[in-house]
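This report refers to the structure that appears directly beneath it.
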Amino acid sequence: MIIQNNRMQFGRVPGGGLGCLIFAAVLLVAGYYIIKGLYFLLWWAAPALLVLALIVNWRVFPRTITSWLDTLETRPVHAIIEAAFAVIAFPFFTLWLFLKAAGTRQADRMQRRFRENIGRQDEYADYEEIDSKPGSGV
C-alpha cells in the first residue's frame with residue numbers, strides 16, 4: 001500500500017537549492033552593477049558635493065579630521081581602514097560628507113528653535129477660570 005502526501009509545503013523555493021544559488025548570483029551581479037553605476041555618477045558629482053558641503057556647513061571638515069585623529073590615537077588600525085575607505089571610495093565619502101553637513105545644519109536649526117521655545121515657555125499664558133460644581137458631572 002502506497003500513501004501519497006499531497007499537502008502543499010510552504011516555504012519551498014522552486015528549483016530547490018540550485019534555484020536559491022542562481023537567485024543569489026543574480027542578486028550579487030545586479031548589486032555590483034548598481035554600485036558601479038552609483039560610483040560612476042558620484043565620481044563626477046564629487047567636486048560639486050565637496051563645494052556644497054563647504055557652503056552648507058564648513059565645520060564638518062575640521063570635525064571629521066579631528067574625529068579621525070582621535071581615532072588614530074585610540075584605535076590606529078580602525079583609523080587606517082577609515083582612511084583607506086576615504087581614498088578608495090572617495091565618491092561615497094564625499095556624499096557622506098555632504099549628507100553629514102546637511103544633517104548637522106538641520107540639527108543646529110532644530111536646537112535653535114528648541115531654545116527659543118524654552119525661552120517662550122517662561123512667560124505666563126492667558127487662561128480663564130471655569131466654575132465647576134460638585135455633582136454636575138464636570
Side-chain angles (χ1 to χ4, degrees):
M1 181 165 155
I2 299 174
I3 300 174
Q4 291 182 343
N5 187 0
N6 291 331
R7 285 185 276 157
M8 180 74 172
Q9 293 182 356
F10 293 104
R12 295 202 47 140
V13 178
L18 184 60
C20 286
L21 186 63
I22 291 171
F23 180 73
V26 168
L27 192 65
L28 285 173
V29 169
Y32 168 76
Y33 282 110
I34 289 170
I35 290 175
K36 183 179 175 184
L38 187 61
Y39 187 89
F40 178 76
L41 289 174
L42 288 175
W43 180 262
W44 290 105
L49 287 174
L50 283 175
V51 171
L52 285 173
L54 278 170
I55 292 170
V56 170
N57 190 357
W58 64 271
R59 292 180 188 92
V60 169
F61 291 94
R63 288 178 187 166
T64 303
I65 292 170
T66 309
S67 172
W68 183 78
L69 290 174
D70 291 342
T71 307
L72 187 61
E73 290 175 357
T74 57
R75 299 181 303 193
V77 175
H78 188 78
I80 292 171
I81 291 171
E82 284 180 358
F85 173 76
V87 171
I88 293 170
F90 175 71
F92 293 106
F93 181 68
T94 56
L95 177 65
W96 176 76
L97 280 175
F98 172 70
L99 293 175
K100 186 176 177 182
T104 54
R105 181 176 181 182
Q106 184 66 24
D108 291 343
R109 283 184 185 167
M110 290 173 65
Q111 282 180 349
R112 208 173 314 121
R113 286 186 200 150
F114 182 72
R115 287 186 195 127
E116 290 172 0
N117 287 340
I118 287 177
R120 290 181 192 157
Q121 287 179 354
D122 292 339
E123 300 172 3
Y124 291 108
D126 293 333
Y127 70 96
E128 178 181 339
E129 270 190 51
I130 299 176
D131 292 332
S132 63
K133 297 179 184 175
S136 65
V138 178

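Position 1 is the first residue of the sequence; numbering continues from there. All values derive from a computational prediction rather than experimental measurement.
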For Thr104, side-chain hydrogen bond (donor to acceptor under 3.5 Å, both in side chains) partners two or more places apart: Asn57

Within the supplied structure, the quantity of interest is the number of heavy atoms (other residues, nucleotides, ligands) at a distance under 6.0 Å from Phe23 CZ; does it exceed 12? no

Side chain to side chain, Val60 and Thr64, heavy atoms closer than 4.5 Å: yes

Going from CG on Asp70 to CD1 on Ile65, what distance comes out if it is rounded to the nearest 0.5 angstrom? 12.0 Å

Shortest non-hydrogen contact from Phe90 to Leu50? CZ-CD1, 3.9 Å

Does any non-hydrogen side-chain atom of Gln111 lie less than 4.5 Å from one of Asp108? yes

Flag yes if Tyr32 and Leu28 sit in one hydrophobic cluster, no otherwise; membership is Ile, Leu, Val, Met, Phe, Trp, Tyr, and two members link when side-chain heavy atoms are under 4.5 Å apart. no

Group every Ile, Leu, Val, Met, Phe, Trp and Tyr by side-chain heavy-atom contacts under 4.5 Å, then state whether Trp43 and Val51 land in the same group. no

The criterion is ring-ring contact (aromatic ring centres under 6.0 Å, His included); which residues satisfy it with Phe93, sequence neighbours excluded? Trp96

Over all atoms of both residues, closest heavy-atom pair of Ala101 and Ala53: CB-O, 3.9 Å

If you link ILVMFWY side chains whenever their heavy atoms are less than 4.5 Å apart, which other residues fall into the same cluster as Met110? By chain and number, please. none

One should read off an interatomic distance between Phe61 CZ and Lys100 NZ, to the nearest 0.5 angstrom, of 10.0 Å

Smallest separation among heavy atoms of Ile88 and Tyr39, with atom names: O-OH, 3.1 Å

Between Phe85 and Phe98, is there shared hydrophobic-cluster membership here, with clusters defined by ILVMFWY side-chain heavy atoms closer than 4.5 Å? yes

Are the side chains of Leu49 and Leu97 in contact, using a 4.5 Å heavy-atom criterion? no

Let me confirm one number: the NZ-CD1 distance from Lys36 to Ile34, rounded to the nearest 0.5 Å. 13.0 Å

Can you get from Ile80 to Val87 by hopping between Ile, Leu, Val, Met, Phe, Trp and Tyr side chains that sit under 4.5 Å apart? no

Nearest 0.5 Å please: distance from the NE2 atom of His78 over to the CD1 atom of Ile81. 7.5 Å

